[in-house]
Participant: 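Mind looking over this structure? Questions follow.
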Amino acid sequence: MSKGSDDVPVSPLFLLYSREILAARQVLDLACGRGRHSLAAAKGKAVVVGLDRNRTHLRYLYSKAKHQKMNSKLFLVCGDLEADSQHILLEQTWDVVLVFRYLHRPLCNWIGQALRPGGLLLYETFTKEQVKFNTGPKNPDFLLEKGELPELFSTLESEYFEETISYDRGQALASLAARRVCNN
Ligand SMILES: C[S@@+](CC[C@H](N)C(=O)[O-])C[C@H]1O[C@@H](n2cnc3c(N)ncnc32)[C@H](O)[C@@H]1O
């Protein structure tokens, strides 16, 4: 499970929680892109829903899932997470919600509420330190402030949080695992 689609590695954060993800029933991967995590999650028991606005990415993911005979477990939705204040998929509750390399702050409250009690959120995206590198987003709307990620999900119980800079990979990332507390 160390490689995702296009040979982009699955995140270490995903690997840390892979046991729980593979045992989950319903997983939502927001801004799934080419689906490195959707595909990895669909190797378990879960039905996985991957959402992205980029049809080309979704087509690639669909054909890859079909090739791996996983298309019956992976449902793809083409939609714009920023078009509505609350996306319809966030009106349901999920065992696990994955958000990797995507940030739209107004969604965070809805994402927290879209977890079933005890459900797990894995969120990993770029911090402002990313501007040191030539790759990745430059717009501050898409870059996290230091320590911001757990604050965006303050209604959840944070289990794991780190901010890392990898000069080898040219990546500055914040990674959070947080859980909806059972009585919330
Ligand atoms: C850097 S890629 C990350 C893909 C994947 N999560 C991963 O980590 O491999 C960002 C993805 O966000 C998607 N995206 C950007 N804005 C979006 C929006 N408003 N609604 C849905 N998807 C969006 C892009 O199409 C792209 O696939």
Side-chain angles (χ1 to χ4, degrees), residues 1-18 21 24 26-43 46 48-65 68 70 74-92 94 96-111 114-115 120-131 133-144 149 152-153 160 162-166 169-178:
M1 192 185 287
S2 61
K3 294 285 184 186
S5 61
D6 255 0
D7 286 344
V8 178
V10 167
S11 163
L13 179 66
F14 183 100
L15 293 176
L16 195 62
Y17 281 88
S18 59
I21 297 165
Q26 292 174 307
V27 176
L28 176 62
D29 187 7
L30 293 173
C32 63
R34 293 174 169 225
R36 61 187 171 130
H37 298 116
S38 299
L39 276 174
K43 289 182 177 146
V48 179
V49 177
L51 179 144
D52 204 281
R53 71 175 175 191
N54 185 319
R55 281 181 196 279
T56 309
H57 288 173
L58 293 177
R59 276 197 206 103
Y60 174 92
L61 174 53
Y62 178 77
S63 59
K64 189 142 187 173
Q68 296 182 13
M70 290 203 301
L74 185 58
F75 295 86
L76 301 179
V77 178
C78 189
D80 186 345
L81 286 163
E82 290 152 42
D84 305 312
S85 57
Q86 181 188 3
H87 196 278
I88 193 162
L89 286 174
L90 297 175
E91 287 172 9
Q92 303 169 36
W94 302 85
V96 178
V97 176
L98 307 173
V99 190
F100 284 82
R101 300 187 184 201
Y102 171 74
L103 181 64
H104 180 55
R105 290 176 175 84
L107 273 183
C108 291
N109 197 28
W110 297 115
I111 292 172
L115 291 168
L120 175 71
L121 169 70
L122 297 186
Y123 206 123
E124 180 172 272
T125 197
F126 299 104
T127 67
K128 288 212 157 153
E129 300 293 324
Q130 187 64 32
V131 295
F133 304 109
N134 287 332
T135 57
K138 297 279 177 266
N139 183 337
D141 288 349
F142 306 139
L143 296 169
L144 289 162
L149 191 52
L152 287 171
F153 293 99
Y160 176 92
E162 69 169 358
E163 288 170 325
T164 54
I165 301 181
S166 164
R169 291 188 187 149
Q171 285 174 4
L173 295 170
S175 310
L176 175 75

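Remember, it's 1-based here, ligands and their atoms both numbered in the order they're listed.
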Participant: Mind listing the N or O contacts between ligand 1 and protein, cut-off under 3.5 Å?
Facilitator:
residue  : atom   : partner : partner atom : Å
ligand 1 : 6 (N)  : Ala31   : O            : 2.7
ligand 1 : 6 (N)  : Phe100  : O            : 2.7
ligand 1 : 8 (O)  : Arg36   : NE           : 3.2
ligand 1 : 8 (O)  : Arg36   : NH2          : 2.8
ligand 1 : 8 (O)  : Phe100  : O            : 3.4
ligand 1 : 9 (O)  : Arg36   : NE           : 2.7
ligand 1 : 16 (N) : Arg53   : NE           : 3.4
ligand 1 : 19 (N) : Asp80   : OD1          : 2.7
ligand 1 : 19 (N) : Glu82   : OE2          : 3.0
ligand 1 : 20 (N) : Leu81   : N            : 2.9
ligand 1 : 22 (N) : Arg53   : N            : 3.3
ligand 1 : 25 (O) : Asp52   : OD1          : 2.6
ligand 1 : 27 (O) : Asp52   : OD1          : 3.3
ligand 1 : 27 (O) : Asp52   : OD2          : 2.7
ligand 1 : 27 (O) : His57   : ND1          : 3.1

Participant: Going by salt bridge (Lys or Arg N to Asp or Glu O under 4.0 Å), name the residues that satisfy it together with Glu124, two or more places apart in sequence or in a different chain.
Facilitator: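 Applying salt bridge (Lys or Arg N to Asp or Glu O under 4.0 Å) to Glu124 gives none.
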
Participant: Among all residues two or more places apart in sequence or in another chain, which pass the salt bridge (Lys or Arg N to Asp or Glu O under 4.0 Å) test with Arg59?
Facilitator: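 Partners of Arg59 under the salt bridge (Lys or Arg N to Asp or Glu O under 4.0 Å) test: none.
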
Participant: Among all residues two or more places apart in sequence or in another chain, which pass the salt bridge (Lys or Arg N to Asp or Glu O under 4.0 Å) test with Lys128?
Facilitator: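 Testing Lys128 for salt bridge (Lys or Arg N to Asp or Glu O under 4.0 Å), a comparison that skips the adjacent residues, returns Glu145.
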
Participant: Could you give the distance from CZ (Phe100) to CZ (Phe14), rounded to the nearest 0.5 Å?
Facilitator: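 Rounded to the nearest 0.5 Å, the CZ-CZ separation comes out at 7.5 Å.
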
Participant: At what distance, to the nearest 0.5 angstrom, does CG of Asp80 lie from NE2 of His104?
Facilitator: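 Atom-to-atom, Asp80:CG and His104:NE2 are 8.5 Å apart.
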
Participant: Backbone N or O of Thr135 within a donor-acceptor pair of the Gln130 side chain at under 3.5 Å?
Facilitator: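 Confirmed, Gln130 side chain pairs with Thr135 backbone.
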
